[in-house]
Each structure stands twice: as C-alpha cells, then as structure tokens.
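Read the structure below first, then the notes.
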Amino acid sequence: MDLLNIENLHARVDNPDGQEILKGLNLTIKKGEIHAIMGPNGTGKSTLTKILAGSDEYEITQGSVNYNGEDLLEKEAHERANEGIFLAFQYPVEIPGIATSTFLRHALNAKLRHNEKEEIDNLEFIKLLRQKAKTLKISDEMLKRPVNVGFSGGEKKRMETLQMSILDPHLGLLDETDSGLDIDALRTVAEGVNYIHSKEKGFLIITHYQRLLDYIKPDFVHIMVGGKIIKTGDYKLAIELEEKGYQAYGV
Amino acid sequence: MPATEETIEQVNKLGKEKYKYGFVSDIESETFPIGLDEDVVRRISAKKQEPEWMLEHRLKAFKLWKEMEEPEWLKPIYEKVNYQDLAYYSSPVQKEKPKSLDEVDPKLLEVYEKLGIPLREQEILAGVEGAKPIAIDAVFDSVSVGTTYKETLKEAGVIFCPISEAIKDYPDLVKKYFSSVVPISDNFFSALNSAVFTDGSFVYIPEGVDCPMELSTYFRINAENTGQFERTLIIADKGSYVSYLEGCTAPQRDENQLHAAVVELVALEDAEIKYSTVQNWYSGDEEGKGGVYNFVTKRGDCRGNNSKISWTQVETGSAVTWKYPSCILRGDNSTGEFYSVAITNNHQQADTGTKMIHIGKNTNSRIVSKGISAGFSDQTYRGLVKIQKSASGARNHTQCDSLLIGNECGAHTVPYIENKSTSSVLEHEATTSKIADEQMFYCTTRGMDEEEAVGLLVNGFCKEVMQELPMEFAVEAQKLIGISLEGSVG
Ligand SMILES: Nc1ncnc2c1ncn2[C@@H]1O[C@H](COP(=O)(O)OP(=O)(O)OP(=O)(O)O)[C@@H](O)[C@H]1O
Ligand SMILES: [Mg+2]
C-alpha cells in the first residue's frame, strides 16, 4: 500500500516575488520502503521535506500529496507530526531555555494525546529517554541542556535521531542527517534508523554521500535536479553517481 | 444557584476540626458611603478598633495625599480614577455581581477550565453572588500543606497574622517598622494606601530563625476582604530567613477596579527575604474593559549588613499595572535581586521595573527582566540603579530582554543610572527579539500545536526568572504563561 504519494508537485516561496522551487515532482513510497534522494545543492531537496512536514514558507501551486490515503496538504504541521511524519532537519533549530528532555516530553505527550492515549508518566519517560539515548551514545548531561543550544554539528544530528526514535514515526524524512557525523556516529545513526524500520514504515533519506547507503540499504535511489526527480534506480545508481558526478545528468 | 453549599459540605466532610482556621467569619457587608474625607478615614480606624497612634498616622497620610497629584509620567494611558467615586470600606455588595457563571466573561471561564479549577471554586474566583470565599486553603489544595501551619509557626516563634491584628497585638513592632520603608509621602498611591488601608499581612521572623515553611497569602484565610488597599509588612530579624508567596495563578475577578497595595520588607543583619508574586488579576475582556488597575508600591530595606532581599514576580494580569519592587541596600555587603516576567496581551498595559539604591559598601544588585508583549499590548521596563557616594565597590548587573509576539504590540526599556561612586561596576544588557518562525516550525513538526509551542518558547525565554520561583508556584506559573498568550499567534 502507498504510504506517501506525491503527484506533479509544484511549489514556490510564499512571498510576492518568490521563485518556483519544486517543478512537477512525482514520488511514491510504499510501506516498508526506503527511498534515497540525491541531488546537487539548491535543487529543492530540503524544500520538499519541509513542505511534507507542513512549513508555511511555501505555496503549493499545483499537484497533490497523499499520506496514508489522506490529503496531506490539508493538515497542519502538528497534525502531520502526530500522524506519524517526522522530519530530521538539515539545520536543527536552537531553543534556548528549554531542556532537551522537557522538549521531547512535550512532543511525545502531544502525540499520545492526539492518538487519544494517556500521557506518559514522568519517571517512565525519563527511563525511556535514557535507554534510547544510550544506544545513540548521548549522555544524560546533553539531555539536560537546552535544545540544540551550543551542540556541535554532529551532536545536533544525533539528537534529531534520538527524537525520531522516541517519536517512532511512520514516515521518517531524514535531511542530510549523515552530514557532519563522524564514522562511528554514522554507524550508530544508521543503526537507529534500521532499528525502527519495519514493514509498516517508510523512509525518505536525503544524502550527498553514498557512504550512508552502505549502512541503510535503500530500495530506490532518486536523482533530483531542478525541482524534480529526473532519474530513479536502485542502490547501484548511488555508486554510479559517486563515480561520475552530476555532470552525466546534464547538470 | 451558587455552589457555596457544595463547598461547605465538602469542607465539612474533611472534618471541621481540621479546618478550624479555614472558616471565614460571616462578613458584614457594611459599606461606607461613597467618597473620601477625614470622617471616612476615622471610621475605618474605628471599625478596626485601632489604637490612637494608628489613627493619627492615617490622618497624617490623608492630609498629605490631599495635596498630592496623581503621577502623570506613567506610560500607560488609562481613564483616571475618580477617588470620590469609590467606597473605602468593604465593597458594595449590591453592585452588579454576576448571578451565576453564565454571566461571567467566557474567556475567564476558559482559563479556569485550562487550569483545571472545579466549578464551585470558579464561582468564588469569579465573584459570583453568594459564592463566599470559604476555606480558601481547601480550595487550593496544592498549597494547603496543612492547617496546622499556625502551630508549626508558633513553635518557631514566627508571627504571621493579619496586619490589623498585629497593630493591636504587637504595637511595638508595628510602630517601629510600619511606614519606615515606604514613607507616607513616598508617592500618591502609598499616601492613599496609608490613609485608608483595610488589611494585609504581617510577618515577623525572630533572630536566627529559618522560617519552617513558605508563607503564602493562601493560608491567611481571613484576609479575603483586604480589598483595594492591601498593606503588608515583613520583618526578618538578624540571621533569619523567610520565603513569602503572594497571589494566585487563577485570574481573580474583583469588582474593585483600583488596587493600590503597599508592601514593606525589612531585612536586618544577615537576614534574607525572598518575596515571590504571581499577579493575575482580571485583565478585562479583549478590549480591556473591566480590568483591574494595579498600582503597587513594594520596597525592601536591606537594613543590616550582609542582608539580602529578592523579588521574583510573574505579572500576567490586570488591565493596567504600575509596579516597581525596589531594594534599598543600606547594609554593607547587602544584596538586592529583582527577577521579573511580565506578560501583556490584548490591550493590557504594564509599566514595571525596579529601583536598586546602593548605600552600603560592596553592595550588590542583580536585575533580570523578561517582558513579553503580544496583541495590542504595551509594556515598559523602567529601572533605576542609584549608587551613592558611600557605596564603594558596589556592583549591579542588569539584563532586560523583551520578546514581541505580533506586530501591534510595544516594548520599551528605560534604564536610569545614577552613579556617584568611582569604584563601582555596572553592567547592562538589553535585547529585543521575536519568536522565530523556524522555532515555531520546529516545535510544530514535533507535534505541538501553536499554543503549546508559544508557551514552551516563552517559558524558555523566561527560564532564568522562572527558576527563581518556589517549586509549587513554578509549575502553575509555567502553565499560566501559555494560557496568557492564548490567541496571540496564528
Ligand atoms: N524560504 C525561502 N526563501 C527564498 N529562497 C528559498 C527559500 N527556501 C528555499 N529557497 C531556495 O530554493 C532553493 C532550494 O533550496 P533547498 O534548501 O531546498 O535546497 P537543497 O536541495 O536542500 O540544497 P542543499 O543540498 O544545499 O541542502 C535554493 O536556491 C534556496 O535558496
Ligand atoms: Mg538541503
């Protein structure tokens, strides 16, 4: 069954002289599939993920997006999140004054409430958080620090992965989560993804490096240029790309 | 029909004995004729069976007040109060009180709902006719740590009682300290308060005593009718410590439009007073109609060496607020602190800040002010740091941060510095910011709706102040911050 279905999506920056960024993008992710998107800087990869997550920076001018058979574009960002979409940001935002653990507790409880479940007990939450953090090699000390404030590039990415594993999404959008990670961290993050992956779930992984795909095996690799997908293949396409660069695709 | 009976029943079930301090004697609803003259002042004093010296004090204040002018320099613009139109003793019961919750501003009810306040308690807070405040400490069970508090305090030698009682029972203490921090002539509102104050709290912590519990106005059940002119006096004797909580997170409706309280704190050698306030008087409807005018004079005197006074406030209510909790740092090495969060929404106006007067050597002051304006509201931080010549080695650190939500609100920072000492160190930081769209988006992609996201971001912004609040206040105050900003985004 289709988890995500994007058809002929056109989007522009939502201001009077905003340029068009997505120019007729098509993509279908079935349950259980992992897709990777690669593409040169500035082609609209992050824009795509932000639109899927519900950003109001962009205006959709054409096309449709269905998630679990429902019109995704109708829904607000927090509804999308609570219905299982998670975006690991390319550039995670700093939130001064709010401890990471507090932030995550709010997030998890919002999701539980949305799904008409009881909020998690504080102690139970701490236990869950510590356990997940440990597998990602994140110290308790980091969890007390305000969200992303003063975190190194790699720490931020690991923290995004931690958030993802706590919120256990149905559709994970990873925007260059591998950038800035050292080799060990890359492996732990990849393990994190593989751990939560199941036949009910889907992933869209944006990366510039084939290396990540050594750890997370994608079912499909897409090349995105100029706001749309111009070529789709399997894992071998990533290797090919690594060798030839984007030039071979008319960039 | 008011739910009073239900409350009485409830309290009865809990055991009358246990709540012997919880019952309010039947309040006489006697009201003096409207207007203010010497006769009214005399009658208030007589009604309270005050000694002659207190009456004289009141009359002196009244005389001074008559010659004073209401301050004109205030930033808030409000309709001037006609002082001859007020009743100065008790409140006119016949004045339209809501008959039931159906007649209460639905916005207010929504807030009660969010704070999880049961219906009958909502009636009391909303001032529904017939819903007399019975056993306030049964109502706010979060803080009713026990009605045995009087026993515990007595054992420690702490005096905590209505000031009207203290005037009769502890005249020496009152005579010595009353109006010694805020002189009658200090300002228009303090003079008025000194002439017509009805009641308030009195606290005395004896030498060397660490007060065994946080003192809260919740405990002082009998003072529900302190009305518009509340008067508080707290004395911490040598080497003692006390933490005092004032106010309530639930918005309280009050038919008294004007509140002009006076609070005086005295810290003797090595003593420390921590005074925390959550102010959430009714701020009026969305147009600001019917809200409370809150004109308060709060001042602490670090009279002894090594003493410390710390003000922490969360101000979210009232239509107009005018308030500058201050410290006089008289003793050498004394410390004054001011931590403030002020939130204004809709058409609220707040003019608040602090004064730190350095007199003693090596005195230290720290000011952290966090102002959040939303809607069409307007707020001003007004601070004065005055370092006298005698205050060698004095230090001040001031940090003023403003957060704007939306484009229609305003924030102003007016710091004054008067420095006569050459060996002092003053630091000042000020920032103005907006909640970044990226931060909002980040929170919403984690499942929080806009309201929750704003609440969280603002709490983060106020963190340094919030962490100064006593635990039992902090949790409620955090919730309150989210609620006060409702409807300010999106
Ligand atoms: N809010 C915005 N306002 C103006 N321009 C924007 C906005 N968002 C995206 N763009 C522009 O749209 C283009 C696509 O940006 P996007 O961030 O999606 O690229 P990307 O494919 O993720 O690139 P990279 O590989 O460098 O991360 C860029 O030229 C960018 O400058
Ligand atoms: Mg990008």
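Order of the sequence lines sets the chain letters (A, B, ...), proteins ahead of strands, with each chain counted from 1.
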> If you take all heavy atoms of A:I98 and B:L456, which pair is closest and at what distance?
Replying inline: CD1-O, 3.3 Å

>> To the nearest 0.5 Å, what is the distance between OG1 on B:T444 and CZ on A:R80?
In response: 10.0 Å

> Closest heavy-atom contact between A:G54 and B:F441?
Replying inline: C-CE1, 3.6 Å

> Taking everything shown except A:K127 itself, do over 12 heavy atoms lie less than 6.0 Å from its NZ?
Replying inline: no

>> Checking an interface table here. Which of residues 107-125 of chain A come within a heavy-atom distance under 4.5 Å of chain B?
In response: A:A107, A:A110, A:R113

> Nearest 0.5 Å, what's the CD-OG distance between B:E438 and A:S55?
Replying inline: 9.0 Å

> Should we say atom CZ of B:R395 is surrounded by more than 12 heavy atoms from elsewhere, each under 6.0 Å from it?
Replying inline: no

>> With a sphere of 6.0 Å drawn around CD of B:E427, does it hold more than 12 non-hydrogen atoms of other residues, nucleotides or ligands?
In response: yes

> Which bit of A:F103 comes within less than 4.5 Å of chain B, counting heavy atoms only: side chain, backbone, both or neither?
Replying inline: both

>> Give me the atom names and distance for the closest heavy-atom approach of B:Y442 to A:I95.
In response: CD2-CD1, 3.9 Å

> B:E452 versus chain A, heavy atoms under 4.5 Å apart: side chain, backbone, both or neither?
Replying inline: side chain

> Heavy-atom distance under 4.5 Å to chain B: side chain of A:E79, backbone, both or neither?
Replying inline: neither

> Taking all non-hydrogen atoms of both residues, which atom of A:H78 and which atom of B:M448 are closest, and how far apart?
Replying inline: CB-O, 3.1 Å

>> As an exercise: rank B:A436, B:C443, B:G447 by heavy-atom pairs under 4.5 Å with chain A and give me the winner.
In response: B:G447

> Say you draw a straight line from CD of A:E57 to CG of B:D437; how long is it, rounded to the nearest 0.5 Å?
Replying inline: 8.0 Å

> Which atom names give the shortest non-hydrogen contact between A:Q163 and B:R446, and what distance separates them?
Replying inline: OE1-NE, 2.6 Å

>> Counting only non-hydrogen atoms closer than 4.5 Å, does A:P92 touch chain B with its backbone (N, CA, C, O), its side chain (CB onward), both, or neither?
In response: both

